[in-house]
Amino acid sequence: MSATPAVAVRSGRGRGPGFGTLLAVDLWERFSFFGMAAILVLYLTASEARGGMGMAPQTATAVFAAYMSLSFMAGLPGGWLADRVLGARRAVLLGGVLITCGHAVLAVPVPGTLYAGLLLVVAGTGLVKPAMAAMVAGVSGDGAGRREAAFSLFYLCIQVSALVAPVVTGLLAERVAWHLGFAAAAVGMTAGLVQFALGRRRYGDVGARPARPVPHAEAATMLRRAAGATAAVAALLVVPASLGLLPLPAVLAVLGLTTVTLPFWYLRSLRRAAPPGEGNRRQLAGFTALMAASAAFWMIFAQSGSVLSLFAERHTDRDVLGFEVPASWFQSVHPLFVLLAAPFVARLWRRAGPRVDVPVKFAGALIAAGLSFVLMAVATRLAEHGPVGPYWLLLVYLLYSCGEIALAPAGLALAAAVAPPGSTSRLLAVNGLFGAVGVVVGGQLFRLTAVLPLAAYFLLLGGCVLAVGTAVALGTPRLRRMLGAMR
């Protein structure tokens, strides 16, 4: 989705006048997302006497992984709707309404609302995220350098929400009532919707219409089929699981298999439909290889809200001058480190110049993430003799915060650069789909802790991610040839 000439010209730094409004909206959307992510596993594992669900840690972690992966997966149909039917602007509005409704449902302390609320949030997130990213690409102007700079600034600034949200929702949820934490997330998303609607004139023509609209009759047919498929999934999986008629592990297994296969299938079909020319297909092949490697990073990253939250709650000394720090507050450490480390990383990129390109950034991020779990293995062994100091978790968060700064904006910019015409939202959603692959694989692998010591689990995952990072580093010359000169 390209910016209109008026928008592109008025941006002295490759960012149109609507960039600040988009940034503010995403601040609120990320507030709702990170706020709920910080408390969900803690709520699921809390005893019923404390108002929680009383789930076993392995089950709660798998549910969290399924929720996160579905949020990423929903970006593919959401991106299609933004590209072909709604336009990015209407997709953001509709998605925001669904997210707000989902948090509102979760805020109601009534049994049986958990999965309905989560599915509403998933559907809304699938619409908002790829459409929002496409609008950022639209107002940032042409050129890979401008796109990556805009996405880097965008990614950096929304860490403010990731920093504040766990503090607010965690305090309300852990010290007052769990459902009050979900309500705070609903308020944040409502504020974002209002700001987006009020600032719609600042976007120019960006996102006002579908980039490549599908004929009305065809769109109506496809939407009816999608509604039927959604109803069938709800009837066969969601409703029986909510009523206890279908084992939850079976549902999670089906979702996991779908998550792992979907992005590879979609990219394969996209390569076949790419415009004539070996260069286009080669770029998509290089993109696929890097995205597959990034799944290993997100496998570790996503366990912050589950495995590391449980470690903070059960194995970390959280007493500070007589005040017990809520376990959910540790989720704010990561965005704090992103904010602090980003200027130093940006300076490093400038000094290194073109030598530090996308494959190098991916390799560095993967190696940092692998080292973080090797450190967790050491911390876990020490925790066998009593709670450990919080500095272990702080160091782990520092490592993969630096990795996220390197990998996430580069991945978004790469997706926008290699996207075929009219497919920007969908390829940005594919970038998220590989995050879903990592999330769901990590959630399923946590079941190994039933038979493996926790320290061995951390060491196994850390070693695997280190191996993937090393493979990307060694394959950097070939990846550069595949990607070629990015437009």
Contact between [X] and [Y] at the side-chain level, heavy atoms closer than 4.5 Å - yes or no?
X: L86; Y: L127; result: yes
X: H103; Y: L120; result: no
X: L44; Y: V63; result: yes
X: V439; Y: F64; result: no
X: L290; Y: F434; result: no

Worksheet item: When the ring planes of F373 and F458 are compared, do they come out parallel, tilted or perpendicular, using 30° and 60° as the limits?
Response: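 Plane angle over 60°, so perpendicular.
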Worksheet item: What is the ring orientation for Y400 with F297, classed by angle as parallel under 30°, tilted 30 to 60°, or perpendicular over 60°?
Response: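 Ring orientation, 0 to 90° scale: perpendicular.
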Checking [X] side chain against [Y] main chain: does a donor-acceptor pair fall under 3.5 Å?
X: W392; Y: A379; answer: no
X: T169; Y: A38; answer: no
X: S332; Y: L163; answer: yes
X: T45; Y: V41; answer: yes

Can you give me the closest heavy-atom contact between [X] and [Y], atom names plus distance?
X: A184; Y: F31; value: O-CE2, 3.5 Å
X: R314; Y: P57; value: NH1-CG, 3.4 Å
X: L399; Y: A368; value: O-CB, 3.5 Å
X: F362; Y: A410; value: CE1-CB, 4.3 Å

Item to complete: For side chain to side chain contact (heavy atoms under 4.5 Å, CB included), just list the numbers for L393 and M376, CA-CA rounded to whole Å, side-chain angles, deciding distance to a tenth of an Å, and then say yes or no.
Response: CA-CA 8 Å; L393 282 174; M376 280 304 304; 4.0 Å; yes
Worksheet item: Do E384 and H315 get their side chains close enough for a donor-acceptor pair, meaning under 3.5 Å?
Response: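 Judged by distance alone, the side chains do not pair up.
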Practice prompt. Please assess E313 against L42 for the test side chain to side chain contact (heavy atoms under 4.5 Å, CB included), listing each intermediate value before the final yes or no.
Written response: CA-CA 9 Å; E313 182 184 49; L42 298 175; 3.8 Å; yes
Discussion item. Run the ring-ring contact (aromatic ring centres under 6.0 Å, His included) test on F182 and Y43 for me, step by step, so that the C-alpha distance in whole Å, both residues' side-chain angles and the decisive distance to 0.1 Å come before the verdict.
Written reply: CA-CA 10 Å; F182 297 128; Y43 165 68; 5.5 Å; yes
Worksheet entry | CZ/R318: more than 12 non-hydrogen atoms of other groups inside 6.0 Å |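 Yes, the 6.0 Å shell around CZ holds more than 12 heavy atoms from other groups.
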Fill in: Residue pair M53, L114: steps toward the side chain to side chain contact (heavy atoms under 4.5 Å, CB included) verdict
CA-CA 10 Å; M53 297 289 291; L114 173 67; 4.0 Å; yes
Item to complete: Please list, chain by chain and in numerical order, all residues satisfying side-chain hydrogen bond (donor to acceptor under 3.5 Å, both in side chains) with S309, sequence neighbours excluded.
Response: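 Listed in chain order: Q331.
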